[in-house]
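Let me begin by presenting the structure, written as structure tokens, before commenting on it.
Just so we're on the same page: letters track the sequence lines, and every chain starts at 1.
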Amino acid sequence: MVDALATKGILEPFPIQEQTIPMGLNGQDIIGQAKTGTGKTLGFGLPLLQELGLNPEPGVQALVVVPTRELCVQVAEDLTLAASNRATKVVAIYGGKAYEGQVADLKDGAQVVVGTPGRLLDLASQRMLSLKNVKVMVLDEADKMLDLGFLADIEKLFSQTPPTRHTMLFSATMPGPIVALARRFMNKPIHIRATDPNEGLTQANIKHVVYRAHNLDKDEVISRILQAEGRGKTVVFTRTKRAAAKLVEELNDRGFNAAAVHGDLNQEQRERAMAAFKAGKKDILIATDVAARGIDVNDVTHVINHTIPEDHDTYLHRAGRTGRAGKTGIAVTFVDWDDMHKWSLINKALDMGQPEPVETYSSSPHLYTDLDIPAGSKGRLKATSILPKTVEAAGRPPRERRDGDSTTRPPRERREGDRTRTRSRGASGSSPASTGPGNAASTNGPADDAATAGKVEGSGTHDGGAPARRRSRRRRPSSGGSATPPPAA
DNA sequence: AAAAAAG
């Protein structure tokens with residue numbers, strides 16, 4: 001298995017993998033905690049596969065439970081890849097999809113089941129799925145799985161597996177009460193934190209930026225951020241499904257190339273959106289918290305919280321969609337008038353050291369290039385506000401956008417062409433704008449792909465990491481940008 | 001308090 005990974009260019013394990021794999025191989029119950037984007041999936045995946053052996057008998061012997069359908073698909077893909085040189089079959093069991101294929105895979109003797117709770121229980125109650133021979137059970141995003149919304153289902157699933165099973169819980173966040181609760185399902189678990197206890201859980205390679213959002217046209221400011229030089233893929237989080245649906249329409253109307261994923265869409269639409277985003281056919285994903293956890297997409301340089309998350313754990317998971325596998329990223333948060341308290345709680349919990357967001361707005365397309373954001377010392381980040389050096393004369397308050405020329409909306413007659421160009425650019429997969437954090441994001445210069453490519457990282461192998469083809473791009477004017485083209489132009 | 005997760 002390790003050989004198989006090595007042939008795919010995966011050589012050096014992440015710390016969480018270094019620590020959990022030996023313990024997992026010993027059959028020790030594990031609560032594994034590590035920062036976002038540091039390879040937790042294989043942290044449980046490799047010991048899980050090892051425990052089943054090279055040539056396991058047909059039938060379900062390992063169960064991995066995840067909170068969302070998209071994560072289910074992804075984890076199943078990662079495990080399938082890791083198992084590519086063994087006779088172990090992996091099946092994804094989740095809702096919103098036909099039963100037939102999933103049931104057929106089970107009948108075919110799949111040994112590893114990755115699933116969401118509802119469909120797992122559904123199939124179990126229909127006797128299509130038996131958990132009585134499960135040797136290993138994993139809760140991915142474990143704190144979420146033990147949350148009130150899921151706990152009853154999880155208890156049922158546990159109760160259908162043998163008490164002798166090997167149990168592993170993984171997440172970036174593990175609140176104390178959840179750890180206590182988790183022990184009920186585990187046998188003398190060891191709590192592995194692959195992080196310096198003094199360091200906190202924020203990623204040192206993610207920069208945190210915050211706007212006070214009242215009197216701010218968020219759509220407009222987001223549009224500007226989406227034009228940042230060197231921007232790669234971007235995930236925008238909204239609080240509600242409706243807001244996500246509205247925003248994706250607005251941005252696409254402005255000539256951007258966005259897809260949406262949220263629970264009001266059917267599963268086919270959701271999967272199409274995710275696939276397009278992963279492939280780079282869409283470089284913006286508008287999402288509810290369905291995509292806050294676990295989702296691993298290469299070259300996400302920006303996360304934008306259109307609406308502030310409800311708690312600091314959600315903040316951390318959302319922001320963690322960028323800055324993965326050692327790359328740099330930026331997390332931008334808009335704090336509405338009513339959300340100041342939420343922000344202060346998040347800020348305090350994550351120790352980001354910024355008392356309050358600053359009201360500001362920049363008419364400059366160089367939204368980030370004028371920033372001087374201090375890097376967090378010792379992994380502790382300072383949240384920083386965007387403070388344009390000047391508000392240019394040509395700029396006007398964003399609220400007036402609809403009254404006249406838009407600063408970000410491309411001219412009508414060009415928009416069809418823009419879209420085409422954007423698509424072909426994205427499809428190349430190695431365009432300047434999608435090759436990772438550029439000048440906007442980096443203090444470290446270009447993401448050191450070479451240094452991180454070797455890490456045993458879930459999907460780092462899915463695309464071979466085409467080298468960044470850096471084309472010197474036309475500099476946008478730093479002033480008077482009243483007709484700034486969309487990202488593709 | 002919203003979203004997610006069965007249909």
- [ ] Would you mind classifying the nucleic acid contact of A:Asp122 as base, sugar-phosphate or nothing, using non-hydrogen atoms under 4.0 angstrom?
- [x] base
Task: Rounded interatomic separation in angstrom, taking CD from A:Gln102 and C1' from B:dA5 - done: 13 Å
Task: Short side-chain N/O contact to B:dA2 OP1/OP2 from A:Thr288, under 4.0 Å - done: no
TODO: Identify which nucleotide among B:dA1, B:dA5, B:dA3 has an atom closest to any side-chain atom of A:Glu310, counting heavy atoms from C-beta outward.
DONE: B:dA1
- [ ] Give a yes/no on whether any side-chain N or O of A:Arg239 is located under 4.0 angstrom from OP1 or OP2 of B:dA4.
- [x] no
- [ ] Starting from C1' on B:dA6, measure out to CG on A:Leu129 and report it in whole angstrom.
- [x] 14 Å
Open item on the list: I want to check one thing: is the phosphate of B:dA6, taken as OP1 and OP2, less than 4.0 Å away from some side-chain N or O of A:Arg69?
Closed with: yes
TODO: Classify the nucleic acid contact of A:Arg242 as base, sugar-phosphate or nothing, counting any heavy atom under 4.0 Å across all strands shown.
DONE: nothing
TODO: Look at A:Lys342 and B:dA1 and indicate whether a side-chain polar atom (N or O) is within less than 4.0 Å of OP1 or OP2.
DONE: no
Open item on the list: Between C1' on B:dA4 and CZ on A:Arg270, what's the gap in Å once rounded to a whole number?
Closed with: 8 Å
TODO: Figure out the CG/P separation between A:Asp153 and B:dA3, and round it to whole Å.
DONE: 19 Å
Task: Touch class at under 4.0 angstrom, heavy-atom based, for A:Gly149 against every strand present - done: base
Open item on the list: Is any side-chain heavy atom of A:Ile192 closer than 4.5 Å to one of A:Ile31?
Closed with: no
Open item on the list: Counting only heavy atoms from other residues, nucleotides and ligands, does the tally under 6.0 Å from NZ of A:Lys97 exceed 12?
Closed with: no
Task: Within the 6.0 Å centroid threshold, strictly below: A:His317 and A:Phe237 - done: no
- [ ] Take the protein atom CZ of A:Phe150 and the nucleotide atom P of B:dA5, then report the distance between them rounded to whole Å.
- [x] 7 Å
TODO: Look at all strands and tell whether A:Tyr99 reaches a base, only sugar-phosphate, or nothing, counting heavy atoms closer than 4.0 Å.
DONE: sugar-phosphate
Task: Interatomic distance where CG belongs to A:Leu151 and P belongs to B:dA4 [whole Å] - done: 20 Å
Task: Within-4.5 Å side-chain heavy-atom neighbours: A:Val66 and A:Glu141 - done: no
- [ ] Would you mind telling me which of B:dA3, B:dA5, B:dA1 lies closest to the side-chain atoms of A:Lys144?
- [x] B:dA3
Open item on the list: Using whole Å, what does the distance between atom P of nucleotide B:dA5 and atom CZ of A:Arg293 come to?
Closed with: 13 Å
Task: For atom CG of A:Asp338 and atom P of B:dA1, their distance in whole Å - done: 14 Å
TODO: Look at the rings of A:Tyr315 and A:Trp343 and say which category their plane angle falls in: under 30° parallel, 30 to 60° tilted, over 60° perpendicular.
DONE: perpendicular
Open item on the list: Once you apply a heavy-atom cut-off of 4.0 Å, does A:Lys241 come out as touching a base, just sugar-phosphate, or nothing?
Closed with: sugar-phosphate
